[in-house]
**Student:** 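One structure, as structure tokens, below. Some questions next.
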Amino acid sequence: MSKPILGIIGGGQLGSMLAIAANKLEIKTIIFCDDVDAPAQNFSNGFVHGQYNDLTKIKEFVNQVDIITYEFENIPYATLNEINKIKPVLPKPSVNRIIQHRLAEKDFINNLNIRTTQYVSIEKKSEIDSVKDLLPGLLKTVTLGYDGKGQYPITKLSNLETFDIDYSKGYILEKLVKLKKEISIVVTRFGPQQYSIYEPIENVHEDQILINSIIPAKITDKIFNQSKIWSTQIAEELKYIGTLCVEFFIDRNENLYVNEIAPRVHNSGHLTINAYNISQFENHIRAVCKLEQVPLKKLSNARMTNIIGEQIINFRNKEYSENEFFFDYLKKEIKDKRKMGHLTTLIS
Ligand code: ADP
Ligand code: MG
């Protein structure tokens, strides 16, 4: 059977790394992105520029490919659904509909009897008055947030006066978990009960942005096992095909909570490129293109550091040793708080 041509919606660093993994497997890729400078076009076989709701442009893209996947979850559901009528979209659009909405996502997780932090939907400012027991908390937009964008820390009700909050957007108020640690699990599901699962990754955030990811995570056996069980349960329930990531909180009493699900490859999994025989990106391509599932083998422990904003300038001029792997995302513009690259160091 000839290999399919893969369409990838989204052309940032995740799209780039997916295209690089596809090249290795001799799978051709076409990128669709709303940014004319999308870095992933440097690594793909074709590029279509258009808005995510421009169905004419989308069709031009879909005509060139056999299967469609995506690098981020905020693509309009209507767009994914339209595409899925013509060619297969994996993971399927219904997964995105749940996960791109923080309330639907948390309801879904709780219905599986998996713990999340306490939360409530907020549609008007006056509703916050009645949920004082969720304070201190974080008020988050229900859609379109990432890297801490659209999040407001609320310790007491008077904090609300200091933010300029547009309540027409729809919010969730989450109780703040007293964090001991954050971990994530990256898992690729190939089919019913067929998984490649990476070991838990320990994550350090600053200002709600991921800074470091490390394996092995320093966690108890109980958390190690529970996080894996919950992750596969979530993937199974979603009938997911491809790579997904589950982000977890561990509180000071060693309770495990699911924070959120990313229906895609994930920043914390970048270390799998160098620390495993098969990366999260390659596994995603293998699963959505129905290629062989190769048993996972860990090659080394590792630490990944995100390079944010101006830091990239220093990293571009550095020399690296054999155990260091620098990735420049080739973004045209350096912006404050923007992820510009990462460095993975293999450690013993
Ligand atoms: P994003 O979509 O921006 O990744 P998250 O909900 O994962 O949003 O929040 C980003 C980070 O903010 C988390 O990784 C964590 O460090 C912190 N955070 C978010 N929600 C909570 C919470 N309820 N309790 C404690 N920390 C939180
Ligand atoms: Mg997150």
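Just follow the structure's listing: the first ligand is 1, and inside any ligand the first atom is 1. Values below: every heavy atom of this structure, side chains too, minus hydrogens, waters and symmetry copies. All values derive from a computational prediction rather than experimental measurement. Throughout, residue positions are numbered sequentially from 1 according to the sequence presented.
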**Student:** Counting only heavy atoms closer than 4.0 Å, does ligand 1 sit against the backbone of Gln151, its side chain, both, or neither?
**Tutor:** side chain

**Student:** Tell me yes or no: between the side chains of Asp107 and Tyr119, is some donor less than 3.5 Å from an acceptor?
**Tutor:** yes

**Student:** How wide is the angle at the Mg ion (ligand 2) between OE2 in Glu260 and OE2 in Glu247, to the nearest 10°?
**Tutor:**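 That angle works out to 90° after rounding to 10°.
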
**Student:** Any idea how Tyr320 and Phe326 line up, ring-wise: parallel (<30°), tilted (30 to 60°), or perpendicular (>60°)?
**Tutor:**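 Parallel.
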
**Student:** Could an N or O of ligand 1 be found under 3.5 Å from any N or O of Glu182, whether backbone or side chain?
**Tutor:**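 Among all N and O atoms of Glu182, at least one is under 3.5 Å from an N or O of ligand 1.
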
**Student:** Thinking salt bridges, do Glu202 and Lys218 make one under a 4.0 Å N-O criterion?
**Tutor:**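 Salt bridge: no.
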
**Student:** Taking the non-hydrogen atoms of Tyr119, is any one of them nearer than 4.0 angstrom to ligand 1?
**Tutor:**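 Under 4.0 Å: no for Tyr119.
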
**Student:** Would you mind running through ligand 1 and noting each atom that sits below 4.0 Å from a heavy atom of Arg102?
**Tutor:** 1 (P), 2 (O), 6 (O), 8 (O)

**Student:** Using 30° and 60° as the class boundaries, would you call the ring planes of Phe32 and Tyr52 parallel, tilted or perpendicular?
**Tutor:** tilted

**Student:** What part of Leu179 sits under 4.0 Å from ligand 1 if we count only heavy atoms: the side chain, the backbone, both or neither?
**Tutor:**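 Side chain only.
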
**Student:** Do me a favour and list the nearest non-hydrogen protein atom to atom 17 (C) of ligand 1 with residue, atom name and distance?
**Tutor:**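 Here the closest protein heavy atom is Gln208 CG, 4.0 Å.
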
**Student:** Please work out whether any backbone atom (N, CA, C, O) or any side-chain heavy atom from C-beta onward of Asn203 is under 4.0 Å from ligand 1, and answer side chain, backbone, both or neither.
**Tutor:** neither

**Student:** Around atom NZ of Lys59, are there more than 12 heavy atoms of other residues, nucleotides or ligands at under 6.0 Å?
**Tutor:**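 Atom NZ in Lys59 is not crowded, with 12 or fewer foreign heavy atoms closer than 6.0 Å.
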
**Student:** Apply side chain to side chain donor-acceptor pair (under 3.5 Å) to Asn267 and Asn306, showing your working.
**Tutor:** CA-CA 9 Å; Asn267 192 174; Asn306 270 335; 2.8 Å; yes

**Student:** If you draw the axis of the six-membered ring of Tyr240, does the NZ or CZ of Arg189 fall within 45° of it and under 6.0 Å from the ring centre?
**Tutor:** no

**Student:** To the nearest 0.1 Å, how far is atom 6 (O) of ligand 1 from its closest protein heavy atom, and which atom is that?
**Tutor:** Lys140 NZ, 2.5 Å

**Student:** Below 4.0 angstrom from a heavy atom of Glu247, which ligand 1 atoms are there? Numbered from 1 as shown, please.
**Tutor:**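 In order of numbering, the contacting atoms are 7 (O).
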
**Student:** Check whether any heavy atom of Lys178 sits under 4.0 Å from an atom of ligand 1.
**Tutor:**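 Per 4.0 Å heavy-atom rule, Lys178 does not contact ligand 1.
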
**Student:** Please state which protein non-hydrogen atom is closest to atom 24 (N) of ligand 1 and give its distance, to 0.1 Å?
**Tutor:** Val177 N, 2.8 Å

**Student:** Starting from atom 27 (C) of ligand 1, find the nearest protein heavy-atom neighbour and note its residue, name and distance.
**Tutor:**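 Going by distance alone, atom 27 (C) of ligand 1 is nearest to Phe249 CZ, 3.5 Å.
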
**Student:** Taking 4.0 angstrom as the limit, do Lys85 and Glu82 come out as a salt bridge?
**Tutor:**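 Yes, this pair counts.
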
**Student:** Honestly, is Lys331 close enough over Tyr329, meaning NZ or CZ under 6.0 Å from the six-membered ring centre and within 45° of the axis?
**Tutor:**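 Verdict for Tyr329: no cation-pi partner in Lys331.
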
**Student:** Taking 4.0 angstrom as the limit and counting only heavy atoms of Leu138, give me the atoms of ligand 1 inside it, by number and element.
**Tutor:**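 Within the 4.0 Å cut-off of Leu138, ligand 1 contributes 18 (N), 19 (C), 20 (N), 21 (C), 27 (C).
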
**Student:** What protein heavy atom is closest to atom 3 (O) of ligand 1, reported as residue, atom name and distance in Å?
**Tutor:** Gly148 N, 2.7 Å

**Student:** Can you report which non-hydrogen protein atom sits closest to atom 1 (P) of ligand 1, along with the distance?
**Tutor:**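 Checking every protein heavy atom, the shortest distance to atom 1 (P) of ligand 1 gives Glu260 OE2, 3.4 Å.
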
**Student:** Which class fits the ring pair Tyr167 and Tyr171: parallel under 30°, tilted 30 to 60°, perpendicular over 60°?
**Tutor:** tilted

